[in-house]
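Below: one structure, written as structure tokens.
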Amino acid sequence: MLTLCNPITRNSHPFLRHLLPHALTTASAATPPLPPEPETTIANLVLTIDSQNLTLALKTHPAQWTPELVTKTLKRLWNHGPKSLQFFKTLTHFPTLALSAAAFDHAINIAARLRDYRAVWALVAQMKARRLGPTPKTFAIITERYVAAGKPDKAVKIFLAMHHQGCPQDLNSFNTILDVLCKSRRVEKAYSLLKVFRGRFRADTISYNIIANGFCLVKQTPRASEVLKEMVERGLDPTLITYNILLKGFFRAGLIKEAWEFFLQMKKRKCEIGVITCTTVVHGFGVVGEVKKAQKVFDEMIEMGVLPSVAMYNALIQVLWKMDRAREYMCRMKDDECEPNVQTYNLLVRYYCDDGEIEKGVEVFENMGSGNYLPNLDTYNILISAMFVRKKSDDLLVAGKLLIEMVDRGFLPRKFTFNRVLNGLLLTGNQGFAKEILRLQSKCGRLPHQFRL
DNA sequence: GCAACCGCCT
């Protein structure tokens, strides 16, 4: 019987080999599963036990309670908000257990995500009582959640009153609230805030960079230019980051010609162009199909003696995939001490599957499980989507197994993913498996209202 | 404290 709380083991995808016998065999098959981490055991305990027995169960649990273990367990329980808060609250009643500011921040983040603001401020009060905070980080988390919940004005008020909570404002926290607003597309509000308080907090280049980036994010790159002009008029010098923001802004707004001109100006004016600038250009050209220009910028960068980064290779692989040269660069990555990361693997899984080479995509996925980079939520989404391409019944069984595995590993599939797999299984006559998936969906709280089996 | 590579698309 399937449960939400199977112990999570690293590197095991045995089912894939059963279901896809034609998948290539890899060395990872021989790797034995590691025992579960202590935070996984505790998380499973919290998920299975009745709330009234939780205190006793945690008290008698043989774990070596450290602040780190508490934080790790909270991370593992990220998708089970109420349970994780209950867990944390129980721990706060253990008199000898030391909790860290990081653990409080994490709990506050979970409560704020649930929009349980009463719990948020109760935790802040406890943090204060224990003299652990609240810290600027705590306020960054809280304000970000308020903005995400559609309450930017409230977030600004909280920022302006944070010194009453024992956490004085400074330029750093000012820049943080500006950034929080800009990253959630509230750049106009951020800009107003800057204009009102720039004297009081002594706004610096970073403050203006944040606003310029905010305008670039909403594709208002000309506004970004104006803001930066104003910055210079106020005697603040732009930095390389300033230029990189504007460069990306041109590409994002589709102003390719302007982007190229700007890049040339940067070179001409002897900016210390590095890998970040070049990655922006390579990616920008790649997106609009200017493959040769992208390749040229990369080659020139190498000639200049600038070391490539993983991000640069990821951009390049994206650009070159259709030219079949991406595989060559995969090999070059390792020579440049750029170990492929989870994003690199996700690209490969995606592109192999797009090309109809599902087995190769699966092979990359299996190698991830045994390597340094475990599959993330994106990986699972990519691979599950790929299982619908060929309209094969076997592929849907794999999709179902992947769904079970991702939940086991603490990822929360979207409702859409559940429904899609469920429908696929029903259409291919896998009623029994579909029922199993439906039970899982119910446990994850992702059940559609009007669903009937 | 600000800049590069990224998912799905209900």
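All values below come from the heavy atoms of this structure, side chains included, with hydrogens, waters and symmetry mates left out. Reminder, nothing fancy here: chain letters follow the sequence lines and each chain counts from 1.
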Side-chain heavy atoms of F298(A) within contact of P308(A), under 4.5 Å: yes

So what does T280(A) hit on the nucleic acid, given a heavy-atom distance under 4.0 Å: a base, only sugar-phosphate, or nothing? sugar-phosphate

Less than 4.5 Å apart, side chain to side chain, heavy atoms only: is that true for K154(A) and T143(A)? no

May I ask you to verify whether the side chain of N381(A) and the base of dC8(B) hold a donor-acceptor pair under 3.5 Å? no

Between F250(A) and W260(A), is the ring centroid distance below 6.0 Å? no

Return the value, rounded to whole Å, for the distance between atom CG of D378(A) and atom P of dC9(B). 12 Å

Using a cut-off of 4.0 Å on non-hydrogen atoms, how would the nucleic acid contact of L240(A) be classed: base, sugar-phosphate, or nothing? nothing

Would you mind telling me which of dG1(B), dC5(B), dC2(B) lies closest to the side-chain atoms of I241(A)? dC2(B)

Quick one: label D179(A) by what it contacts on the DNA or RNA (base, sugar-phosphate, nothing), any heavy atom closer than 4.0 Å. sugar-phosphate

At 4.0 Å (heavy atoms only), tell me whether S173(A) reaches a base, stays on the sugar-phosphate, or touches nothing. nothing

When you check the phosphate oxygens OP1 and OP2 of dG1(B), does a side-chain N or O of K137(A) lie under 4.0 Å from one of them? no

Between atom OH in Y243(A) and atom C1' in dA4(B), what is the gap in whole Å? 18 Å

Atom CZ of R414(A) and atom P of dG7(B) are separated, to the nearest Å, by 12 Å

Contact under 4.0 Å: H283(A) side-chain N or O vs dC5(B) OP1/OP2: yes

If you only use heavy atoms from C-beta on, which nucleotide in dG7(B), dA3(B), dA4(B) is closest to the side chain of R350(A)? dG7(B)

Assign I210(A) to base, sugar-phosphate, or nothing according to its heavy-atom contacts below 4.0 angstrom with the strands shown. sugar-phosphate

Hey, does N213(A) reach any base, or is it just sugar-phosphate, or nothing, if we go heavy atoms under 4.0 Å? sugar-phosphate

Between dC5(B) atom P and N346(A) atom CG, what is the distance in whole Å? 15 Å

Under 4.0 Å: is that the gap between some side-chain N or O of K183(A) and OP1 or OP2 of dA3(B)? yes

Ion pair K189(A)/D153(A), N-O distance below 4.0 Å: yes

If the cut-off is 4.0 Å, is Q318(A) near the phosphate of dC6(B), judged by side-chain N/O to OP1 or OP2? yes

I want to check something: taking the side chain as every heavy atom from C-beta on, are W321(A) and L348(A) in contact at a cut-off of under 4.5 Å? yes

What about T242(A), does its side chain sit under 3.5 Å from the base of dA3(B) through a donor-acceptor pair? no

What's N376(A) touching, base or sugar-phosphate or nothing? Going by heavy atoms closer than 4.0 Å. nothing

